[in-house]
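Below is one structure, written out as structure tokens; the observations come after it.
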Amino acid sequence: MEEARRNPRIPEDTVFYAIYPDLPPDSPPAEAAAALRSLHLHLIQSVLAPHLRDYIWQHEPFHLSIPSSSSAASATAASNCPFCGSPSLPHLHGKTRFGDNLDDEWFIVFLLFEASRAVPSLSARVWDSDGEFLLIEAAFSLPRWLDPDTSTNRVFIRRGDVHIVPRDRFPSGPPLAAALDAVRNEDVDTRASDAVQAAISRRISSYPERARANTHRVRVRVPLPVAQVLKHEPCLVSLAVEGFYDRDVDSMKDAARMDKFLRSNGGGIEMVRVSVPMSRAMYAQLVQQNFQAPRCYPMPSREEGPAAYIEAELGMKIACGFEMMYQERRRAGKEGKGTTWEAFKRSLESSGCFEGLLPGSKEYQRIMDSALEYYKSSSLSSRTREIMNAPVLRIDEILSMPCSVDDFKGIELPLDDDDSWLYNGEDELNSAILERQKEMENYKAERKHRKDKRQKDTADGSSSLSDDFNLGDIVETMQAFVQKVSSFEGAEVPPNRNSKAVELDADQFMKIMGSVAGEASREETARDAVIEGDTSSSDMDFDDSEDEGDIAEDGNGDTFMQSYSDALNKELNATTLKRSFIRASQQHSNNCNEGPSNAPKEMDEELTPVDVDANLVKSFLDSFSSQQGLAGPASNVLGLMGVKVPPDAKKM
């Protein structure tokens with residue numbers, strides 16, 4: 001599938017499909033090929049024929065084929081199918097370009113469902129350039145784990161149902177052969193949920209009636225050769241409309257001459273009236289295009305009435321489309337080029353073959369000529385010639401048959417179909433929008449229900465934990481953690497106070513180190529304060545009373561520190577930094593029973609000490625809440641200290 005998606009020769013508006021029959025893995029190649037041929041005939045001639053009859057496709061018809069290496073459709077094949085990307089498994093495959101008519105794509109989905117119901121022993125896949133578009137249609141009903149990255153080789157059609165290979169069976173993308181085995185295994189539940197089935201069923205339930213309603217029949221006035229072609233091959237009108245709609249300057253030159261469909265050996269060509277079936281998309285493409293008739297094309301005067309002029313104008317557009325299509329395909333078939341040659345050129349340009357070369361230069365032309373020779377000698381060129389020449393040869397064959405105007409006289413033509421749908425499509429559009437809106441509302445309601453249930457379960461599970469939780473545990477455990485002895489190996493649990501294992505006299509060591517710096521007395525005072533057990537918040541406040549006593553020994557130091565402190569406070573007061581901390585006065589005003597015991601009752605804002613304990617708890621809880629229930633630094637640190645914080649119900 002990936003190879004088919006990345007193939008630059010495949011237009012984006014193309015749907016791919018593959019059918020895999022249930023064959024024994026050890027089937028001989030001859031038996032596998034015979035089984036494929038039998039299945040192919042049964043599907044095309046019996047199962048799908050009633051639905052395909054008289055249906056006009058926008059660009060290409062539904063076309064199931066046996067891989068060219070059908071005899072090697074067994075395990076002996078060494079590589080994936082170049083057409084659909086399937087590995088070496090017996091299968092049928094096909095592709096259809098649907099263009100602007102999405103009904104063609106969903107009609108093919110309907111056909112595959114019908115085939116799976118008629119032949120229960122087959123599994124089918126369908127995808128387009130967007131990937132698994134069945135999943136896109138059922139997006140509101142899919143499990144959360146299923147996305148474009150995990151859907152490869154998981155979605156199948158079997159026995160009239162959508163099947164999705166579960167994740168517990170294959171956590172990563174399964175191989176196609178293994179996925180098919182899982183779908184075929186009755187013991188493995190691969191059937192998609194009822195909601196997914198309903199979403200797809202709603203999309204295809206109107207077929208095949210919708211396919212017939214999509215056909216629009218209109219009377220037109222065309223040259224006799226065009227009428228003869230449409231009589232024998234009505235499906236060729238799709239190529240004519242495509243040629244007209246996608247016209248360019250070169251094809252306009254062909255329409256100006258009309259050498260094929262408006263010239264004859266005997267002189268002029270007579271005009272006849274015929275009824276032409278086409279898809280609604282084709283009709284819209286013809287009607288909505290303004291196009292001036294070539295000078296050589298006979299058009300009635302407007303005095304003959306609007307109905308006659310409209311018939312002639314539509315017929316002129318169809319005739320010009322036939323001329324453009326015929327001449328372009330004839331040239332492409334003769335040269336062996338076409339869209340595949342353009343894709344081949346783009347691949348050469350993307351690979352850097354013409355890098356640094358100006359188009360038209362000698363070196364550029366030399367490389368282009370070499371590439372063209374290589375392309376013409378390849379099998380791709382011969383296949384392109386066959387495909388491009390097929391409509392040309394068929395038209396030549398039809399026009400070689402005897403034909404006269406009398407063949408189209410005396411035939412009662414059916415009335416034109418009502419084309420009000422072209423101008424009054426607002427109701428259908430609003431209906432589709434309302435349907436999608438209803439799906440979205442149901443999805444949101446179900447999602448909200450699951451979220452409320454999850455929150456309720458979380459609140460019930462954490463209520464007991466919240467009752468037993470104490471914010472003071474965070475402060476106490478953090479202070480104990482900070483006071484632990486550490487070494488070059490990291491933080492360690494402090495030893496027992498009564499233990500004699502410590503041989504280093506820390507007090508004596510600190511005295512010696514302090515005396516070296518001339519600050520032994522200050523270190524002694526600070527250490528005594530810690531030993532006395534004063535571990536309240538004020539130890540870490542901006543109360544520098546102890547330091548002021550030491551600095552007072554030096555008058556100059558006192559003056560300098562006072563000036564420095566005043567300047568620093570003045571600078572910080574002009575910022576928002578002071579408002580980012582919880583201060584003791586705030587705690588006291590919020591709860592007079594819970595402030596630090598040594599906080600002053602009346603103090604200027606500049607001198608109000610920061611409540612370190614409150615800020616510590618607040619920072620931890622904010623960090624824990626931002627984790628939204630996932631692992632993170634706050635929960636990891638608190639967990640190491642043995643503190644269990646209940647979930648934040650608001651965040652969850």
Side-chain angles (χ1 to χ4, degrees), residues 53-59 61 98-104 107 208-247 255 258 261-262 269-294 297-302 304-326 391 395 398 403 405 407-425 428:
R53 188 178 299 116
D54 299 331
Y55 184 76
I56 305 296
W57 299 87
Q58 181 72 20
H59 285 288
F98 54 86
D100 296 329
N101 191 6
L102 287 177
D103 284 332
D104 282 1
F107 186 38
E209 291 77 11
R210 183 185 177 95
R212 288 191 288 268
N214 185 49
T215 301
H216 187 88
R217 184 175 291 274
V218 62
R219 291 176 294 186
V220 296
R221 180 172 176 265
V222 295
L224 179 60
V226 175
Q228 188 177 359
V229 171
L230 291 174
K231 177 182 178 181
H232 292 85
E233 292 290 347
C235 62
L236 287 179
V237 69
S238 62
L239 295 180
V241 175
E242 179 184 3
F244 171 79
Y245 190 74
D246 297 335
R247 62 189 181 276
M258 294 294 290
F261 292 94
L262 204 59
I269 299 250
E270 297 190 42
M271 311 295 286
V272 297
R273 295 175 71 239
V274 294
S275 180
V276 180
M278 63 184 72
S279 70
R280 287 186 172 184
M282 297 178 198
Y283 179 76
Q285 289 174 338
L286 290 175
V287 172
Q288 299 297 328
Q289 286 277 310
N290 293 323
F291 185 74
Q292 185 69 30
Y297 195 92
M299 287 288 293
S301 63
R302 293 186 179 271
E304 297 184 20
Y309 189 84
I310 291 175
E311 289 182 4
E313 186 179 37
L314 280 177
M316 176 268 298
K317 294 178 180 180
I318 294 175
C320 290
F322 267 109
E323 185 74 32
M324 297 176 189
M325 178 271 296
Y326 178 88
I395 290 175
I398 294 174
C403 181
V405 178
D407 297 338
F408 297 93
K409 289 182 178 180
I411 300 177
E412 184 178 355
L413 301 178
L415 297 176
D416 293 348
D417 290 339
D418 183 16
D419 62 354
S420 60
W421 54 266
L422 184 61
Y423 309 98
N424 301 325
E428 184 177 357

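Just so it is clear, the structure is predicted and the values come from calculations on it, not from any experiment.
Contact detail for Ala293 and Met299: the closest heavy-atom pair is CB-CG, 3.8 Å. Counting all heavy atoms, side chain and backbone alike, Pro298 lies closest to Leu262 at CD-CD2, 4.0 Å. What you find for Cys320 and Phe291 is that their closest heavy atoms are SG-CE2, 3.8 Å. For the pair Ala255 and Pro294, the tightest heavy-atom approach, listed with the atom from each and the gap, is O-CG, 3.3 Å. Val272 approaches Ala227 most closely through the heavy-atom pair CG2-CB, 3.4 Å. When all heavy atoms are compared, the tightest approach of Trp57 to Met282 is O-CE, 2.9 Å.
Tyr55 and Phe107 have tilted rings, their planes meeting at an angle from 30° to 60° on a 0 to 90° scale.
For the atom pair CG (Leu413) and CZ (Arg273), the distance works out to 5.5 Å, reported to the nearest 0.5 Å. Between the OH atom of Tyr309 and the CE atom of Met316 there is a distance of 7.0 Å, given to the nearest 0.5 Å. In this structure, CG in Asp100 is found 6.0 Å from NE2 in His59, a value given to the nearest 0.5 Å. Atom OG of residue Ser275 and atom CG of residue Leu415 lie 9.5 Å apart, to the nearest 0.5 angstrom. Taking CG from Leu224 and CD from Glu270, the interatomic distance works out to 7.5 Å, rounded to the nearest 0.5 Å. Asp103 contributes atom CG, which lies 10.0 Å from atom CD of Gln58 (distance to the nearest 0.5 angstrom).
At a threshold of 4.5 Å between non-hydrogen side-chain atoms, the residues Phe261 and Ile395 count as touching. Between Val220 and Lys317, every side-chain heavy-atom pair lies at or beyond the 4.5 Å cut-off. Proximity of Ser279 to His216: side-chain heavy atoms (C-beta onward) are nowhere separated by under 4.5 Å. A 4.5 Å side-chain heavy-atom check between Leu239 and Tyr326 finds every atom pair outside the cut-off. For the pair Cys403 and Phe408, the minimum side-chain heavy-atom distance is below 4.5 Å. Side-chain contact between Asn214 and Asn101: present, with at least one pair of heavy atoms (C-beta onward) separated by less than 4.5 Å.
A donor-acceptor contact shorter than 3.5 Å is absent between the side chain of Gln289 and the backbone of Tyr245. In this structure a side-chain-to-backbone donor-acceptor pair under 3.5 Å is missing from Lys231 to Asp407.
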Point to revise | Step-by-step side chain to side chain contact (heavy atoms under 4.5 Å, CB included) determination, Asp246 to Met324 | key: CA-CA 10 Å; Asp246 297 335; Met324 297 176 189; over 6 Å; no
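For CD of Gln292, the number of neighbouring non-hydrogen atoms (other residues, nucleotides, ligands) closer than 6.0 Å is 12 at most.
Salt bridge Asp417/Arg217: absent, no basic N to carboxylate O contact under 4.0 Å.
Relative to the ring axis of Phe244, Arg247 places its NZ or CZ within 45° and under 6.0 Å from the centre.
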